[in-house]
Q: 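This is the structure I want to talk about, given as structure tokens.
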Amino acid sequence: MAKTPVRYEPKTAEPRQQARWAAADAFRMPTEGTGRPKYYVLEMFPYPSGAIHMGHARNYVMGDVVARSKRAQGFDVLHPMGWDAFGLPAENAAIERGVHPGDWTWSNIAAMRDQLKLLGLSLDWSREFATCDPAYYGKQQAWFLELLKRGLVYRKDSVVNWDPVDNTVLANEQVVDGRGWRSGAVVEKRKLNQWFLRITDYADDLIEGLKELEGRWPDKVRLMQENWIGRSKGLQMTWKWSGEAPAAAPDGLEIYTTRPDTLFGASFMGVAPDHPVARAIAQTNPDAAAFVAECRKGGSTQAEIEQAEKIGFDTGLKVIHPFDGREVSVWIANFILSEYGTGAIFGCPAHDQRDLDFARKYRLPVVPVVRPDGADEGFDVETEAYVGPGHLFNSDFLNGLEIEAAKAEAIRRIEAAGAGQGATIYRLRDWGVSRQRYWGCPIPVIHCAKCGPVGVPVDQLPVELPRDVTFDTPGNPLDRHPTWKHVSCPTCGGEAVRETDTLDTFVDSSWYFARFTDPAAAEPISRAAADKWLPVDQYIGGVEHAVLHLLYARFISRALSDAGLMSVREPFAGLFTQGMVIHETYRRADGGWVEPTDVELTNDAGKRSARQLSTGEALTIGDIEKMSKSKKNVVAPQEIVDTYGVDAGRLFVLSDSPPERDVQWTPGGVEGAARFVQRVWTEVDGFDPDAPAHESDAALVRETHKAIKAVSEGVSGFRFNSAIAKLYAFVAVVRDHGGAGGAARRQALSALVRLVAPFTPHLAEECWTRLGEEGMVLDAPWPEFDPALAADDEVILPIQVNGKRRGEIRVARGLEPAEVEAIVMADPDVQARLEGQTVRKIVVVKDRIVNLVVG
RNA sequence: GCGAGCGUGGCGAAACUGGUAGACGCAAGGGACUUAAAAUCCCUCGACUUCGGUCAUGCGGGUUCGACCCCCGCCGCUCGCACCA
């Protein structure tokens with residue numbers, strides 16, 4: 001009699017296995033390791049917004065698959081989790097609801113930790129920390145002071161977005177159409193003295209480092225960083241004034257160019273409206289002042305910049321061309337950026353589109369100096385600047401040279417004349433880290449009228465945030481706190497005040513991966529622990545951090561290495577950027593969004609419709625979008641756990657799309673995953689050691705090893721969807737094979753359980769126990785692939801005629817092409833098909849294909 | 001504008017280095033079991049077809065014995081940067 005199948009119950013099994021792991025403290029990794037090779041898996045730690053969503057879940061499940069499979073493959077796996085806990089939302093909650101930012105944050109952390117634990121992740125919770133804990137940010141202050149000592153931290157005036165109503169600095173993203181996002185006030189540009197980190201010192205190193213990451217980081221991310229740093233090589237040079245020099249630039253006008261080869265094509269000079277020369281003129285010349293004001297008015301949105309007309313103002317000043325001595329007039333122009341290069345350019349309209357637009361408008365000369373090879377003497381430029389390759393003409397000693405050679409020669413001549421030098425410049429700016437905010441890491445500096453800014457002595461760290469603050473008035477609560485900022489100067493003992501700015505939260509996330517290696521260390525980073533575990537072998541997170549976070553972390557790692565705090569300069573050896581979880585949206589006739597739990601979907605022969613359960617109203621099925629509260633298309637992990645079990649949810653978020661792509665959450669999809677969970681259990685549960693084996697067990701052994709190979713490759717190559725597809729197919733093979741017992745079946749089931757374990761760990765543990773295995777599948781070795789056992793004795797060779805598949809033959813594996821050819825030509829079906837035609841050529845690819853060329 | 005990526009069934013997708021296009025899942029249709037339902041299982045499922053085949057991986061060419069894959073030219077979508085001299 002067949003045994004009645006027992007249903008697998010995730011509701012009881014999942015908590016049971018989680019309790020087992022917890023009781024065994026199974027995921028704690030000693031800092032010194034256990035002697036196996038190390039593997040550090042890390043997912044970008046979350047901001048404690050209050051709830052874990054499916055996007056988080058997918059991210060952490062991917063990391064968990066890597067962590068669990070690496071553990072099975074014999075590694076000491078470090079897999080920690082923490083909280084990126086400083087930031088603006090906590091202050092907004094304080095303003096809106098009157099709660100303390102700290103209380104809000106810590107209660108969110110508690111809630112999210114519980115939600116995260118439902119997912120059954122193999123995390124070492126003993127290493128958990130939040131960046132808002134003084135135990136963490138105090139260490140950050142310590143290394144900040146070290147960088148200050150080393151000159152990597154400095155202060156300078158910089159222009160910021162200032163909200164005059166809220167009395168605060170706004171990030172660029174917080175300025176909407178020129179107004180503060182919260183107050184609605186017109187944002188002012190204001191100069192503030194701010195703290196900066198010298199990331200530009202590392203610009204070259206950060207670019208060079210990208211090369212070594214080839215293959216382990218997405219090309220897209222490496223390219224984005226390279227573009228962001230924006231290195232360009234060119235010439236920085238000074239043009240002497242013709243006549244009296246303006247006081248703002250007594251030595252001449254300094255410009256930067258990447259096209260020194262086109263110097264003979266210069267027809268005007270341009271300076272930014274903020275350039276010292278422009279500002280000086282605006283002070284005495286009302287027309288110039290009006291023009292500069294006009295330029296400032298221009299919007300900063302993309303569309304506005306794109307459409308903005310190029311406008312200029314002739315200053316009347318003239319400079320002398322370094323090569324041919326002619327006078328060139330100096331203009332103030334709105335399209336020149338004061339922050340890039342020297343804020344001044346030479347205009348060569350023939351070979352730069354912007355310069356050409358400008359020259360045409362103001363009727364300035366357009367002299368082409370480069371022409372494409374093959375163009376005749378009369379080569380000219382009309383409305384489109386020529387930026388392609390070619391050779392120089394109209395250029396005296398540069399005539400006939402190719403562009404690169406001409407650049408080199410022009411630079412050589414300018415250098416020889418002492419008028420300038422070849423220079424490499426960067427788009428990247430130093431990192432402004434000052435924030436006029438409460439909920440951030442205090443900058444550990446004291447300002448003394450006599451001694452200037454003085455670092456807080458290390459033995460006085462951490463500089464803790466005061467708890468008694470109010471948010472009833474705009475501005476930084478630290479600034480108006482009655483006592484906190486008033487201290488004595490550590491150097492002279494005189495009256496002094498604390499710095500009340502806090503650090504950009506990107507600083508907090510720039511070194512947390514190093515702190516995780518020994519989160520209790522007295523020093524910011526334990527050298528021994530960091531040297532053992534870093535770099536992070538596999539880092540996983542959203543592509544939205546491709547530039548800022550990942551660039552800052554690479555910079556800080558280098559800076560801390562140079563300061564002797566750690567050794568590894570490149571923190572993330574491998575990076576994977578995962579796609580989002582998206583979901584359909586549902587809308588009522590009145591435009592209101594409806595959440596999926598309140599929607600009933602019907603499918604009538606392919607025609608889908610939706611209605612709202614609570615009202616019965618018909619709904620419009622809208623776009624499939626990123627899950628968001630505003631569109632109400634969110635699915636909470638808790639619901640999934642309750643309905644289908646964690647394992648089904650874990651499986652589904654990885655099964656339906658490649659991990660780098662977005663995955664659409666569908667109820668049908670999770671149900672499919674839940675069915676698979678049942679099928680695995682049914683096969684394992686149905687195993688009977690006393691039952692007879694199936695007679696053709698060699699076939700099952702082959703399929704087992706093919707599955708081991710495919711799943712192993714899928715897991716290591718981040719093709720989780722393919723790995724899961726192979727697992728589905730393998731379970732079908734096991735099921736259809738027949739025979740409830742036997743060694744081959746036992747091996748197949750044992751391999752299956754270990755292969756599914758990274759994806760559905762709870763199910764795997766239940767199965768492992770059911771199979772009578774010792775201990776936990778968690779500690780079981782990854783199944784080993786044996787190519788000899790996976791190989792078929794025979795292969796099916798498709799037979800193509802002129803490249804089209806026309807039939808197939810079954811032959812012994814490894815047969816030489818000549819033998820295959822003989823068999824094919826003797827085959828009656830082939831003969832019948834070839835009747836009356838001449839075979840011109842036979843292509844045989846061993847064990848793969850046969851192609852007959854007939855004509 | 002510059003840079004990158006992607007276009008394959010009704011849908012999500014597979015196809016390793018140029019070698020049987022559509023694995024696996026969803027949806028759909030049919031059937032078995034059942035008093036019935038759920039659950040489960042089985043079959044069909046790119047298009048056309050005179051049932052021999054023919055056509056199919058965005059479009060048009062090319063290279064090759066053979067192309068989703070490589071090359072050239074278009075079209076469409078997505079992302080990043082954007083007046084960066």
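Everything numeric here is computed off the predicted structure, so don't read it as measured data. Chain A is the first sequence line, chain B the second, and so forth, proteins listed ahead of strands; every chain is numbered from 1.
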Q: Distance between the P atoms of B:C43 and B:G53, in whole angstroms?
A: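 So the two P atoms sit 25 Å from each other.
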
Q: Go ahead and name the base partner of B:A4; Watson-Crick or wobble counts if both distances stay under 3.5 Å, otherwise write none.
A: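 Across any shown strand, B:A4 pairs with B:U78.
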
Q: How is A:Arg661 classified with respect to the nucleic acid when contacts are heavy atoms under 4.0 Å: base, sugar-phosphate, or nothing?
A: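 If one applies the 4.0 Å heavy-atom cut-off, A:Arg661 turns out to touch the sugar-phosphate alone, with no base involved.
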
Q: Look at all strands and tell whether A:Val845 reaches a base, only sugar-phosphate, or nothing, counting heavy atoms closer than 4.0 Å.
A: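 Base contact.
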
Q: Would you call A:Glu713-A:Lys726 a salt bridge at under 4.0 Å N-O?
A: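 Salt bridge between A:Glu713 and A:Lys726, a charged N being under 4.0 Å from a carboxylate O: no.
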
Q: Examine B:C65: is either OP1 or OP2 under 4.0 Å from a nitrogen or oxygen in the side chain of A:Arg848? Give yes or no.
A: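 False: A:Arg848 side-chain N/O out of range (4.0 Å or more) of B:C65 OP1/OP2.
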
Q: May I ask you to say what A:Arg222 touches in the nucleic acid, namely base, sugar-phosphate or nothing, with a heavy-atom cut-off under 4.0 Å?
A: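 A:Arg222: no heavy atom of the nucleic acid under 4.0 Å.
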
Q: Confirm from the modelled atom types if A:Lys726 and B:C24 form a donor-acceptor pair under 3.5 Å, side chain to base only.
A: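 It does not, because no donor-acceptor pair links the side chain of A:Lys726 to the base of B:C24 below 3.5 Å.
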
Q: Check every atom of B:C79, B:G25, B:A85 against the side chain of A:Lys220 and return the nucleotide holding the closest atom.
A: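 Looking only at heavy atoms from C-beta outward on A:Lys220, the closest nucleotide is B:C79.
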
Q: Can A:Arg810 and A:Asp792 be counted as an ion pair, charged N to O under 4.0 angstrom?
A: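 A salt bridge is absent here (no side-chain N lies under 4.0 Å from a carboxylate O).
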
Q: Which whole number of Å gives the distance between the C1' atom of B:G46 and that of B:A28?
A: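 Comparing C1' positions in B:G46 and B:A28 gives a spacing of 15 Å.
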
Q: Base, sugar-phosphate, or nothing for A:Leu223, non-hydrogen atoms under 4.0 angstrom?
A: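 Result for A:Leu223 = sugar-phosphate.
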
Q: Using atom P of each nucleotide, how far apart are B:G9 and B:C69 to the nearest Å?
A: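 These two P atoms come out 15 Å apart once rounded.
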
Q: Separation of A:Trp228 atom CH2 from B:C81 atom P, in whole Å?
A: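 After rounding, the reported distance stands at 6 Å.
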
Q: Taking all heavy atoms of A:Pro322 and all of A:Met237, pick out the closest pair and write down the distance.
A: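 Looking at all heavy atoms of both residues, the shortest contact is CG-CE, 3.5 Å.
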
Q: Is B:G53 syn or is it anti, if syn means the base angle is within 90 degrees of 0?
A: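 Glycosidic conformation of B:G53: anti.
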
Q: Considering only the C1' atoms, how many Å lie between B:U57 and B:C70, rounded to the nearest integer?
A: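 Here B:U57 and B:C70 have their C1' atoms 16 Å from each other.
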
Q: Would you mind pulling out the nucleotide paired to B:C70, Watson-Crick or G-U wobble, both distances under 3.5 Å?
A: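 Looking at the geometry, B:C70 pairs with B:G62.
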
Q: Base, sugar-phosphate or nothing for A:Arg735? Non-hydrogen atoms, less than 4.0 Å.
A: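 Sugar-phosphate contact only - A:Arg735 comes under 4.0 Å of backbone atoms but never of a base.
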
Q: Taking any strand in view, what nucleotide pairs with B:C84 in a Watson-Crick or G-U wobble way, both distances under 3.5 Å?
A: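 Matched B:C84 with nothing under the 3.5 Å cut-off.
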
Q: Identify whether any heavy atom of A:Ser655 sits under 4.0 Å from a base atom; if not, whether one sits that close to sugar-phosphate; answer base, sugar-phosphate or nothing.
A: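 Touches nothing.
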
Q: May I ask you to say what A:Ile336 touches in the nucleic acid, namely base, sugar-phosphate or nothing, with a heavy-atom cut-off under 4.0 Å?
A: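 The answer is base, as A:Ile336 lies within the cut-off (heavy atoms under 4.0 Å) of a base atom.
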
Q: For RNA chain B, whose closest nucleotide is more 5', that of A:Ser722 or that of A:Tyr340?
A: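 Residue closer to the 5' terminus by nearest nucleotide: A:Ser722.
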
Q: Which is true for A:Thr258 with a 4.0 Å heavy-atom rule: it touches a base, it touches only sugar-phosphate, or it touches nothing?
A: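 If one applies the 4.0 Å heavy-atom cut-off, A:Thr258 turns out to touch the sugar-phosphate alone, with no base involved.
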
Q: Going by the side-chain contact (heavy atoms from CB on, under 4.5 Å) test, name the single residue among A:Asp355, A:Leu253, A:Thr262, A:Asp352 that passes it with A:Phe346.
A: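 Exactly one pass, corresponding to A:Thr262.
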
Q: Heavy-atom nearest nucleotide on RNA chain B for A:Asn802 versus A:Glu808: which residue maps closer to 5'?
A: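 Closer to the 5' end of RNA chain B: A:Glu808.
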
Q: Provide, to the nearest angstrom, the distance between the NZ atom belonging to A:Lys804 and the P atom belonging to B:U64.
A: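 It is 17 Å, rounded to the nearest whole Å.
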
Q: Starting the side chain at C-beta, find the nucleotide from B:C79, B:A39, B:A23 nearest to A:Ala725.
A: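 Within the option list, the nearest is B:A23.
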
Q: Please give the distance between the C1' atoms of B:U44 and B:G10 as a whole number of Å.
A: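 The same atom, C1', in both gives a distance of 15 Å.
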
Q: Distance between the C1' atoms of B:G58 and B:C77, in whole angstroms?
A: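 The answer is 11 Å between these two C1' atoms.
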
Q: Just to confirm, is there a sub-4.0 Å distance from OP1 or OP2 of B:A82 to any side-chain nitrogen or oxygen of A:Arg427?
A: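 Affirmative; the distance criterion is met.
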
Q: Between A:Phe759 (CZ) and B:G25 (P), how many Å, whole number?
A: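 The answer, rounded to whole Å, is 15 Å.
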
Q: Among the candidates B:G80, B:G19, B:A21, find the nucleotide nearest to the side-chain atoms of A:Asn851.
A: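 It is B:G19.
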
Q: I want to check something: taking the side chain as every heavy atom from C-beta on, are A:Arg554 and A:Leu210 in contact at a cut-off of under 4.5 Å?
A: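 Yes, their side chains come closer than 4.5 Å.
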
Q: With both distances under 3.5 Å as the test, what is the Watson-Crick or G-U wobble partner of B:A32?
A: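 Result: B:U40.
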
Q: Would you mind classifying the nucleic acid contact of A:Gly230 as base, sugar-phosphate or nothing, using non-hydrogen atoms under 4.0 angstrom?
A: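 Nothing, no nucleic acid heavy atom in range.
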
Q: In Watson-Crick or G-U wobble terms, both distances under 3.5 Å, what is the partner of B:A14?
A: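 Across all strands, not a single nucleotide pairs with B:A14.
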
Q: Round to the nearest Å and state the distance from A:Phe676 atom CZ to B:U40 atom P.
A: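 Spelled out: CZ on A:Phe676 to P on B:U40 is 15 Å.
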
Q: Nearest whole Å is fine: how far is B:C6 P from A:Asp662 CG?
A: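 Rounded to whole Å, this separation is 15 Å.
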
Q: In whole angstroms, how far is the C1' atom of B:A85 from the CG atom of A:Asp261?
A: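 Going from A:Asp261 (CG) to B:A85 (C1'), I get 12 Å.
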
Q: When you measure from the centre of the six-membered ring of A:Phe335, is the NZ or CZ of A:Lys310 closer than 6.0 Å and no more than 45° off the axis?
A: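 Pair A:Lys310/A:Phe335 counts as cation-pi.
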
Q: For residues A:Gly343 and A:His275, report the shortest heavy-atom separation together with the two atoms involved.
A: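 It is O-CD2, 3.5 Å.
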
Q: Is the phosphate of B:A14, meaning OP1 or OP2, less than 4.0 Å from a side-chain N or O of A:Asn721?
A: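 For A:Asn721, the contact criterion (side-chain N or O under 4.0 Å from OP1 or OP2 of B:A14) is met.
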
Q: As a test of the definition: with a 90° window around 0 for syn, would you call B:G58 syn or anti?
A: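 With its glycosidic angle more than 90° from zero, B:G58 counts as anti.
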
Q: Would you classify A:Gly341 as touching base, sugar-phosphate or nothing, given that sugar-phosphate means primed atoms plus P, OP1 and OP2, and contacts are heavy atoms under 4.0 Å?
A: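 The answer is nothing, as A:Gly341 stays clear of every strand by at least 4.0 Å.
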
Q: Could you work out which one of B:C83, B:G80, B:C65 sits closest to the side chain of A:Val843?
A: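 Per side-chain heavy atoms of A:Val843, the pick is B:C65.
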
Q: Distance check, C1' atoms only: B:A13 and B:C24, in whole angstrom units.
A: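 Looking at atom C1' only, B:A13 and B:C24 are 8 Å apart.
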
Q: Considering non-hydrogen atoms only, spot the tightest contact between A:Val369 and A:Phe264 and give its length.
A: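 Scanning both residues completely, I find the closest heavy atoms to be CG1-C, 3.9 Å.
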
Q: In whole angstrom, what separates A:Leu253's CG from B:A85's P?
A: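 Between P of B:A85 and CG of A:Leu253: 18 Å.
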
Q: The side chain of A:Ile849 lies closest to which of these nucleotides: B:G3, B:U20, B:C83?
A: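 Looking only at heavy atoms from C-beta outward on A:Ile849, the closest nucleotide is B:U20.
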
Q: Expressed in whole Å, how much space separates the C1' atoms belonging to B:C65 and B:U20?
A: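 These two C1' atoms come out 16 Å apart once rounded.
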
Q: Nearest whole Å is fine: how far is B:C26 C1' from A:Leu601 CG?
A: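 Distance, rounded to whole Å: 13 Å.
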
Q: When we call it a touch if two heavy atoms are under 4.0 Å apart, what does A:Gln800 touch: a base, just sugar-phosphate, or nothing?
A: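 Result for A:Gln800 = base.
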
Q: Should the pair A:Arg354-A:Asp357 be classified as a salt bridge under the 4.0 Å nitrogen-to-oxygen rule?
A: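 A salt bridge is absent here (no side-chain N lies under 4.0 Å from a carboxylate O).
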
